[in-house]
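Below, read A as the first sequence line, B as the second, and so on, with proteins coming before strands; counting in each chain starts at 1. Values below: all heavy atoms of this structure, side chains included; hydrogens, waters and symmetry mates excluded.
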Amino acid sequence: MADRRYWLFKSEPGAYSFSDLQNEEDRTAEWDGVRNYRARNLMRDQMKVGDGVLFYHSSTAVPAVVGTAHVVRESYPDDTAWEPTSRYYDPKASPDNPVWCMVDIQADAELPRPVTLREIKDNPKLDGMLLVRRGMRLSIQPVTREEWDEILGMSRSGPL
DNA sequence: GCCAACGTTGGC
DNA sequence: GCCAACGTTGGC
């Protein structure tokens, strides 16, 4: 797939972990609850079926990329936005004006070992990653092919 | 728990 | 449209 793009999705493992994704039916989940416009626009405008996803665990003892997944359904309305009991409820949203969208992702594989944020920061080849630069708070980030390859390569080799 | 970075809100 | 106040994220 020549124009395959790559992404990094953050999740707090206490709320939703890579294991949770692997345990879903078809290892597939709706990525709902994104409430940041930059992240939404990336999902809505650029994410395509087949795109690669690095699954990153944030707000945990050892923040790290822990697995890979891929997009199996492109952007569609996030119906949790107009569900008043949802923790993702947004009064601006409605079925006629969804405001927020989501994609579906399917787990591929746990990495041979996690690639930690510390290692990513220590690797000069990865100093352009948004994860370690501006946009640190972005829950969905674009990743280059080179960064994708580097992280998977780090995972296949031993810790530094 | 602290705090820096960043996004959002709302008064003007 | 500016910008201060406020809230959230997320590493440490």
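What separates CG of A:L138 from P of C:dT9 is a distance of 13 Å, to the nearest Å. In this structure, CD of A:Q141 is placed 9 Å from P of C:dG10, rounded to the nearest angstrom. Residue A:I120 contributes atom CD1, which lies 16 Å from atom C1' of C:dC12 at whole-angstrom precision. At whole-Å resolution of the value, CG in A:N36 and P in B:dC6 are 13 Å apart. Rounded to an integer number of Å, the gap from A:R35 CZ to C:dT8 P is 14 Å. Distance A:K92 NZ to B:dG10 C1': 14 Å, rounded to the nearest Å. For the pair A:D90 CG and C:dT8 C1', the interatomic distance rounds to 15 Å; values are reported in whole Å. If you measure from atom OH of A:Y88 to atom C1' of C:dT8, you get 14 Å, rounded to the nearest angstrom.
With no hydrogens or angles considered, no side-chain donor-acceptor pair links A:R38 and A:N41 at under 3.5 Å.
Note on A:Y56: a side-chain N or O is less than 4.0 Å away from OP1 or OP2 of C:dG11. Residue A:K10 places at least one side-chain N or O closer than 4.0 Å to OP1 or OP2 of C:dG10.
Counting only heavy atoms from C-beta on, A:R137 has its side chain closest to B:dC6 among C:dG10, B:dT8, B:dC6. For A:R38, counting side-chain heavy atoms from C-beta on, the closest listed nucleotide (B:dG7, B:dT8, C:dC12) is B:dG7.
Under the 3.5 Å distance criterion, the side-chain polar atoms of A:S155 are matched with a main-chain donor or acceptor of A:R113.
Counted within 6.0 Å of CZ on A:R27, heavy atoms from surrounding residues, nucleotides or ligands total more than 12; the atom is thus considered enclosed.
For A:Y37 and A:W100, the gap between ring centers is short of 6.0 Å.
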